[in-house]
Amino acid sequence: MTTVPNLTLNNSVEIPAIGLGVFQTPPDETRAAVQAALSAGYRHIDTAAAYGNEREVGEAIAESGVDRSAVFLETKIWISDYGYDETLHGFDKSTAKLGVEQIDLLILHQALPSDFDRTLDAYRALEKLYADGKVRAIGVSNFMVDHLTALLDKATVVPAVNQIEVHPYFAQREVQDFGAEHDILTQAWSPIGGITFYRDSEHTSTLQDPAIGEIAKTHGKSPAQVMLRWHLQQGRQVIPKSTKPERIAENFDVFDFDLTAEQLAAIDALDTGKRGGPEPEAITLETFGRPIPEA
């Protein structure tokens, strides 16, 4: 079985370089996907309160035969649970669904620009959970440079990660560079550009990109494996999503080849600057808020 290398967060906690994402994975398919990932050697699972599948993630881990201490478990607080007390309760809801007492990485799912004070209160709750040892690391997701700047001005704990949309067609270099300056690890969601082909956008599929295809042929690998290798060689942590056991295993098989500097540059050159996900400024409670059920 492949042994995945770890990356070291800014508080010395180690996180596997690759994990399984379960965004948009229906609850009834989540358990099997997580079990397939753990069987393939994955030791990091990324879920979120808003995904509605935390319970199934927890059940899959519990039933896997893999010791809980060997699995790096990450989840996210949704904007509807922002605020100090609300976020503390959001943690309680997530741990109850996951069937665990401690979460390895707890992050805020989005910035809430229309009420950033509520975002700051939510992060203050994460700092309390971290201080109390209830989470091993804290971070954020979909935070842009201005959001990070405002957060760092008030925070006492620098976020360990910023989980953002990164793939060959949308690299967010400015956000990545700001994170690197402050020792915030970039965690790539949609790392193989899934958002470019399962959602209406101006993008074509990254999997069909001729430049990526040519590089894949050179290495005898798939386009998805090439994209994941691109991330890993540039120091990002990745959470590819799939529900198919063969695809889950394929995405994990990316540690036996290296892209050349020229190949990395060729993939870098594909950046269109066009976001596939929602614009961060469009995230409001009125538009995206929805209650997260109790456990």
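Fair warning: this is a prediction, and the values are worked out from it, not measured in the lab. Quick note: residue numbers are just sequence positions, from 1.
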Side-chain donor or acceptor of [X] paired with backbone N/O of [Y] under 3.5 Å:
{"X": "Asp183", "Y": "Ala160", "value": "no"}
{"X": "Arg229", "Y": "Val254", "value": "yes"}
{"X": "Thr287", "Y": "Ile283", "value": "no"}
{"X": "Glu165", "Y": "Trp189", "value": "no"}
{"X": "Arg124", "Y": "Ala155", "value": "no"}
{"X": "Asp132", "Y": "Lys134", "value": "no"}
{"X": "Thr25", "Y": "Thr30", "value": "no"}
{"X": "Thr95", "Y": "Asp92", "value": "yes"}

Can you name the nearest heavy-atom pair linking [X] to [Y], along with the distance?
{"X": "His109", "Y": "Ala48", "value": "CE1-CB, 3.6 Å"}
{"X": "Ala211", "Y": "Leu270", "value": "CB-CD2, 4.2 Å"}
{"X": "Leu151", "Y": "Pro159", "value": "CD2-CG, 3.7 Å"}
{"X": "Tyr51", "Y": "Phe23", "value": "CE2-CD1, 3.4 Å"}
{"X": "Ser242", "Y": "Arg247", "value": "OG-CB, 3.3 Å"}
{"X": "Ala111", "Y": "Phe143", "value": "N-CE1, 3.3 Å"}

Worksheet item: Would Gln237 and Thr186 satisfy side-chain contact (heavy atoms from CB on, under 4.5 Å), going step by step from the backbone distance to the final call?
Response: CA-CA 6 Å; Gln237 201 266 354; Thr186 294; over 6 Å; no
Find out whether [X] and [Y] are in side-chain contact, i.e. whether some heavy atom of one side chain is under 4.5 Å from a heavy atom of the other.
{"X": "Lys221", "Y": "Asp253", "result": "yes"}
{"X": "Leu259", "Y": "Val226", "result": "yes"}
{"X": "Pro191", "Y": "Leu228", "result": "yes"}
{"X": "Gln263", "Y": "Trp230", "result": "no"}
{"X": "Ile61", "Y": "Leu73", "result": "yes"}
{"X": "Leu126", "Y": "Val135", "result": "no"}
{"X": "Ile45", "Y": "Glu74", "result": "no"}
{"X": "Val57", "Y": "Leu98", "result": "yes"}

Heavy-atom count check: over 12 atoms from other residues, nucleotides or ligands less than 6.0 Å from [X] [atom1]?
{"X": "Glu181", "atom1": "CD", "answer": "yes"}
{"X": "Glu101", "atom1": "CD", "answer": "no"}
{"X": "Lys128", "atom1": "NZ", "answer": "no"}

Do you see a donor-acceptor pair shorter than 3.5 Å between the side chains of [X] and [Y]?
{"X": "His89", "Y": "Glu294", "answer": "yes"}
{"X": "His231", "Y": "Gln233", "answer": "no"}
{"X": "Gln35", "Y": "Ser64", "answer": "no"}
{"X": "Gln176", "Y": "Asn162", "answer": "no"}
{"X": "Lys154", "Y": "Tyr123", "answer": "no"}
{"X": "Ser222", "Y": "Glu250", "answer": "yes"}
{"X": "Asp209", "Y": "Tyr169", "answer": "yes"}
{"X": "Thr75", "Y": "Glu54", "answer": "yes"}

Discussion item. Go through it in stages, so that I can follow the logic: the residues are Asn53 and Thr47, the test is side-chain hydrogen bond (donor to acceptor under 3.5 Å, both in side chains), and I'd like the CA-CA distance, side-chain angles, deciding distance and then a yes or no.
Written reply: CA-CA 7 Å; Asn53 55 20; Thr47 183; 2.8 Å; yes
With a 4.5 Å cut-off on side-chain heavy-atom distances among I, L, V, M, F, W and Y, is there a chain of contacts connecting [X] to [Y]?
{"X": "Leu148", "Y": "Val158", "result": "yes"}
{"X": "Ile215", "Y": "Met227", "result": "yes"}
{"X": "Ile107", "Y": "Leu129", "result": "no"}

Discussion item. Could you go through Asn10 and Leu185, starting from their C-alpha distance and side-chain angles, then the distance that decides it, and tell me whether this counts as side-chain contact (heavy atoms from CB on, under 4.5 Å)?
Written reply: CA-CA 8 Å; Asn10 59 20; Leu185 177 68; over 6 Å; no
Practice prompt. Show your reasoning for whether side-chain hydrogen bond (donor to acceptor under 3.5 Å, both in side chains) applies to Thr156 and Glu127.
Written response: CA-CA 8 Å; Thr156 59; Glu127 291 177 324; 3.1 Å; yes
Worksheet item: So which of Ile239, Leu105, Val140, Asn142 actually passes side chain to side chain contact (heavy atoms under 4.5 Å, CB included) with Gln163?
Response: Ile239
Is the shortest distance from a Lys or Arg side-chain nitrogen in [X] or [Y] to a carboxylate oxygen in the other one below 4.0 Å?
{"X": "Arg68", "Y": "Asp104", "answer": "yes"}
{"X": "Glu279", "Y": "Arg275", "answer": "yes"}
{"X": "Lys217", "Y": "Glu214", "answer": "yes"}

Between atom [atom1] of [X] and atom [atom2] of [Y], what is the distance when rounded to the nearest 0.5 Å?
{"X": "Ser94", "Y": "Leu106", "atom1": "OG", "atom2": "CG", "result": "7.0 Å"}
{"X": "Arg43", "Y": "Asp67", "atom1": "CZ", "atom2": "CG", "result": "10.0 Å"}
{"X": "Ile18", "Y": "Arg236", "atom1": "CD1", "atom2": "CZ", "result": "13.0 Å"}
{"X": "Arg290", "Y": "Phe288", "atom1": "CZ", "atom2": "CZ", "result": "9.0 Å"}

Worksheet item: Aromatic rings Phe116 and His147: how do their planes relate, parallel, tilted or perpendicular, breaks at 30° and 60°?
Response: parallel
Worksheet item: According to the interplanar angle, ranging from 0 to 90°, do the rings of His44 and Phe72 count as parallel (below 30°), tilted (30 to 60°) or perpendicular (above 60°)?
Response: perpendicular
Worksheet item: Which is it for Lys93 and Asp81 under the salt bridge (charged side-chain N to carboxylate O under 4.0 Å, His left out) test, yes or no, and what are the steps along the way?
Response: CA-CA 10 Å; Lys93 288 192 285 187; Asp81 283 340; 3.1 Å; yes
Practice prompt. Check step by step if side-chain contact (heavy atoms from CB on, under 4.5 Å) holds for Trp78 and Lys76.
Written response: CA-CA 6 Å; Trp78 186 240; Lys76 310 173 190 74; over 6 Å; no
Worksheet item: So Leu108 and Thr119, side-chain contact (heavy atoms from CB on, under 4.5 Å) or not? Walk me through it.
Response: CA-CA 8 Å; Leu108 300 184; Thr119 307; 4.1 Å; yes
Discussion item. Is there a salt bridge (charged side-chain N to carboxylate O under 4.0 Å, His left out) between Asp271 and Arg173? Walk through the geometry before answering.
Written reply: CA-CA 10 Å; Asp271 190 5; Arg173 291 289 173 192; 5.5 Å; no
Worksheet item: By side chain to side chain contact (heavy atoms under 4.5 Å, CB included), which residues pair with Arg118, not counting sequence neighbours?
Response: Tyr82, Leu112, Asp115, Leu285
